[in-house]
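Below: one structure, written as structure tokens.
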Amino acid sequence: MSYTIDTIKKLEAKWQEFWRKSKTFAADSSTKKPKYYVLEMFPYPSGKIHMGHVRNYTIADVIARFKKMQGFEVLHPIGYDAFGQPAENAAIKHKTDPAKWTHRCIDEMHQEFEKMGFSYDWDREIATCDKEYYKWNQWIFLKMIEKGLAYKKASAVNWCPSCETTLANEEVIQGECWRCKTEVKQKDLNQWYLKITDYSERLLEDLETLKHWPERVKTMQKNWIGKSYGVEIYFKVEKTKEALPVFTTRQDTIFGATYVVLAPEHPLVEKLVAGTKEEKAVAQFVEKISHVSKTDRVAGGLKKEGIFTGLYAINPVNNERMPIWIADYVLMEYGTGAIMAVPTHDQRDFLFAKEHKLPMRIVIKDPKRPDISADDLKEAFEDEGALINSAQFNGIGNVESLEEIADWMEAEEIGKKVIHWRLRDWLISRQRYWGTPIPVIYCDACGVVPVPEKELPVELPEDIKITGEGGSPLAKCKEFVNVKCPKCGKAAQRETDTMATFFDSSWYYLRYISAHNDKEIFDTKDAATWMPVDQYIGGIEHAILHLLYSRFFTKFLNDLKLVKFEEPFTRLLTQGMVLKDGEVMSKSKGNTVDPDAVIGKYGADALRLFILFAAPPEDQLEWNDNAIEGSWRFLSRVWNLAETKYQKDVKDDAPAESDKDLEHDRNVAIKKFTDDIEKGFKFNTAISSIMVLLNSVDKHLKGKQGAKAVSQTAINKTIETVIMLLAPMTPHLCEELWKMLGKKDKTISDVAWPACDESMLVLDEVQIVVQINGKLRAKFQMPVDLSEEELKEVILVDDKVKEYIADKPIKRFIIIPNKIVNIVV
RNA sequence: GGGCAAGUGGUGGAAUGGCAUACACGAAGGACUUAAAAUCCUUUGGCUGAAAGGCUAUGAGGGUUCGACUCCCUCCUUGCCCACCA
């Protein structure tokens, strides 16, 4: 057989069918072997896979197959994150319904995965849009209501006018909708929230336990959770009974606070100015600001608008009168929506104070300019220094003073220490059709009534018209909406919002454990066997969203005593993006490469190999049409070597003199390949180690560079090793070659991973590099482990070395065993 | 503005503080061929030299060290994330 694309296509199809039929990659929960759970972030079923999928899932597949050959019982499942808005849009466009469209896409996607040769346990395939799955979404939701973690609240929410739905804070990226990039508006709505904030502390603390997560992801989560220690200080408002709470992390600057600012939306604003002469102007200002979108308010940058209320607050530490202002740079969402302004030590306050000619007082001494006056400041001094103008705290370093001042404020009842979190509760209501119905009924008599557990699932009606004309389609479906109250039996209405799809993906890794269990969410015993996920692989774009939500769900399920662990994913690998011409591949840019076309031209194995070889998994990967030719060529070299140089049933084959050299190279390759994968999934260098081995075989076969002939036994052994090492990466080819060699294993994935013979790694002779004053001057071929005297005997008599040393005295003679000698003269 | 990465040939990239540029792509030359493709062989950081060799080079500058792509400091550039967060 010759190595042509037709041969490859046939054999790839053959092995894919074989794996499917013989369930080669079914995971056995009753196994005695050590377990290994490899998981990739499941795809949204768009129908077509793109290079990002190929990369993500090839990485996972290599790990799964590698671990299986190493003797682990591997769980490697796949499913589809199948609810969501694109299905609704497609349904409108193609005049079909979202369910049909989605299921067709899932089928297509499934085919593509098989064509890539991914080693999934197909019996565990799930789709979140199936009622067998989303029933358990609803079940979790009911449990959350029970525990007080799901609640309904009227509030200003993020609203995407284009998607016509609400968004969670995590879904708003720089003021824009994460999906369609439309500017997000604020809207007052009554919506369902999950109390993720109850878990702030645990979500933050347990990041420490995630030793094998990228620092970057942990930092992003830490910043998102945003824990800050500070003080809530109460400022009495002059001539009223109001006490205005202000949150600050900079209580060290309290003696420098010269005015107070409220957010325009602050609830006290209206009350405070009522009946004063400023009332009208303030109302106008608030009205004006309310029309400016949040993005514009931020984009306005340094220009800060504000208005004086005519009122004064009393600074509790020195009884000074501080004017109360209202300004757009103070946000209602953070802290108490009110700040104490310290213009000398906060740049924003500084700019505002300059603009509106408000007083300033320095309270931290700048070590570089100790005598500067507030009037001469060009900008706020935000670095560290000793306190001044701060009564009994003068002279203390401002950082050290934080705790002391906070304690003093508590003792004096001026304020209390508080911890503030940036993390907000998770808004999960979506005014969309294609999602999990929120299992709640509204009854005039009984109020909010959760659907009883035994009535789950609340099915999503499928014979519904998606018009795209706005409004929730479910609300228009009378058969769905009108029900009897489960409590009193009177007429009642169902909730017509559906859940955010991030709810679905927050626990799917547990459903794979018992994908078909209709009695419970998952089998807790099997979950204890398989979980947590040993290796999770996906894109960095989920660093906050999905990964934070999944951690939250796991902790909740832990509280329900359904799982014993606190964290779902032990190791996380975030793979880099696939680029073309320096830009991210995307449909809108028109620079995509269709994996299917590449498979058609070179086969799945060559595509897999290229994507692994082109860059380390975490880096960006530049697509290169030429380089995939290189992968194809390399595989054809392997094929030809196995086909023409391997001899079955070799007898009376005398060992050759050079066998030791090839054996050395073979063992080096095994060691390097195995280490590279185990110590950091460095597939690119792992592959290069096989290439090096292949070059070495070539050298011996052709007698290049003085290499001598080796025995057939040694050649055979090397060819077998190459095929075994490559098997996780290019499985089709390796299965075929393994059979070609006459091996009887059912599949190559059953073959034990090749062991490295450490004794073969040691050479008799090594090259010693001689440096003189750190510069490379000579090289010697010498026996290993020579003593200093023996080395000197050879090196110091060498003419060249002598020339460089001349008559200078040798100061030091540094030896790096079997590598380098550095002579310092 | 803050945080985190990263900066090495024409390109992708490799180097527990110890021979910088492994491996591959591309390019050039050659063999085979009527020719092309495929395959095989050779060369390939820069400067210099007939050659042996010499000098030089990992964003810039400094430092530590016998020795620095690697560690430390300052700066520059790029990418990503966060951001009037009090």
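Side chains included, hydrogens not; waters and symmetry mates left out as well; all remaining heavy atoms used. Chain identifiers are assigned alphabetically (A, B, ...) following the order of the sequence lines, protein sequences preceding nucleic acid strands; residue numbering begins at 1 within each chain.
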Residue-level proximity of residues 690-702 of chain A to RNA chain B when a heavy atom falls under 4.0 Å:
A:M691, A:V692, A:N695, A:D698, A:K702

Lys/Arg cation over aromatic A:F813: A:K792, 6.0 Å, 45° cone:
yes

Looking at the base of B:C25, is there any donor atom on it, or on the side chain of A:N626, that sits under 3.5 Å from an acceptor on the other one?
no

Under 4.0 Å, heavy atoms only, any strand: does A:F613 hit a base, just the sugar-phosphate, or nothing?
base

Just checking, any donor-acceptor pair under 3.5 angstrom between side chains of A:D252 and A:S401?
no

Phosphate oxygens OP1/OP2 of B:G67: is one of them under 4.0 Å from a side-chain N or O of A:N773?
no

Specify the separation, in whole Å, of atom NZ of A:K679 and atom C1' of B:A15.
15 Å

More than 12 non-hydrogen atoms from neighbouring residues, nucleotides or ligands closer than 6.0 Å to CE on A:M577, yes or no?
no

What heavy-atom pair brings A:A406 and A:V231 nearest, and what distance separates the two atoms?
CB-CG2, 3.8 Å

A:K682 or A:K819: which one's nearest nucleotide on RNA chain B is closer to the 5' end?
A:K682

Categorize A:G630 for me: base, sugar-phosphate, or nothing, with a 4.0 angstrom heavy-atom threshold over every strand shown.
sugar-phosphate

Do A:T7 and A:T4 have side-chain N/O donor and acceptor atoms under 3.5 Å apart?
yes

At under 4.0 Å between heavy atoms, what does A:R777 touch on the DNA or RNA strands: base, sugar-phosphate, or nothing?
sugar-phosphate

Base, sugar-phosphate or nothing for A:R812? Non-hydrogen atoms, less than 4.0 Å.
base

Expressed in angstrom and rounded to an integer, what is the separation of A:H542 atom NE2 from B:C81 atom P?
13 Å

Once you apply the 3.5 Å cut-off to both distances, tell me the Watson-Crick or G-U wobble partner of B:A5, or none.
B:U78

CA sep, side-chain torsions, deciding dist, call: A:W325, A:F352, ring-ring contact (aromatic ring centres under 6.0 Å, His included)
CA-CA 10 Å; A:W325 283 66; A:F352 190 80; 5.6 Å; yes

Do A:D605 and A:T730 meet the criterion of a side-chain donor-acceptor pair at a distance under 3.5 Å?
no

Would you kindly give the CD-to-C1' distance between A:E171 and B:C82, to the nearest whole Å?
18 Å

Just how far, in rounded Å, is C1' of B:A15 from NZ of A:K672?
9 Å

For the side chain of A:T685, counting heavy atoms from C-beta on, which of B:G67, B:C84, B:A14 is nearest?
B:A14

Does A:K417, at its NZ atom, have more than 12 non-hydrogen atoms belonging to other residues, nucleotides or ligands within less than 6.0 Å?
yes

Roughly, in whole Å, what's the span from CG in A:L621 to C1' in B:A24?
13 Å

If we count only N and O atoms by modelled type, under 3.5 Å, do the side chains of A:T721 and A:R666 hold a donor and an acceptor together?
yes

Can you find a donor-acceptor N/O pair under 3.5 angstrom joining the side chain of A:Q767 to the base of B:C19?
yes

Taking for each residue the nucleotide of RNA chain B with the nearest heavy atom, is it A:R348 or A:A614 whose nucleotide lies nearer the 5' end?
A:A614

With both distances under 3.5 Å as the test, what is the Watson-Crick or G-U wobble partner of B:A35?
none

Counting only Watson-Crick or G-U wobble pairs whose two distances fall under 3.5 Å, which nucleotide matches B:C71?
B:G63

Taking a pair to mean Watson-Crick or G-U wobble geometry with both distances below 3.5 Å, B:G12 pairs with B:C23

Determine which nucleotide pairs with B:C55, using a 3.5 Å limit on both distances of a Watson-Crick or G-U wobble pair.
B:G46

How many Å lie between CG on A:L612 and C1' on B:G13, as a whole number?
15 Å

B/S/- contact track for nucleotides 1-8 of chain B, protein heavy atom under 4.0 Å
--SS----

Say whether A:Y602 and A:E629, considering side chains only, have a donor N or O and an acceptor N or O under 3.5 Å apart.
yes

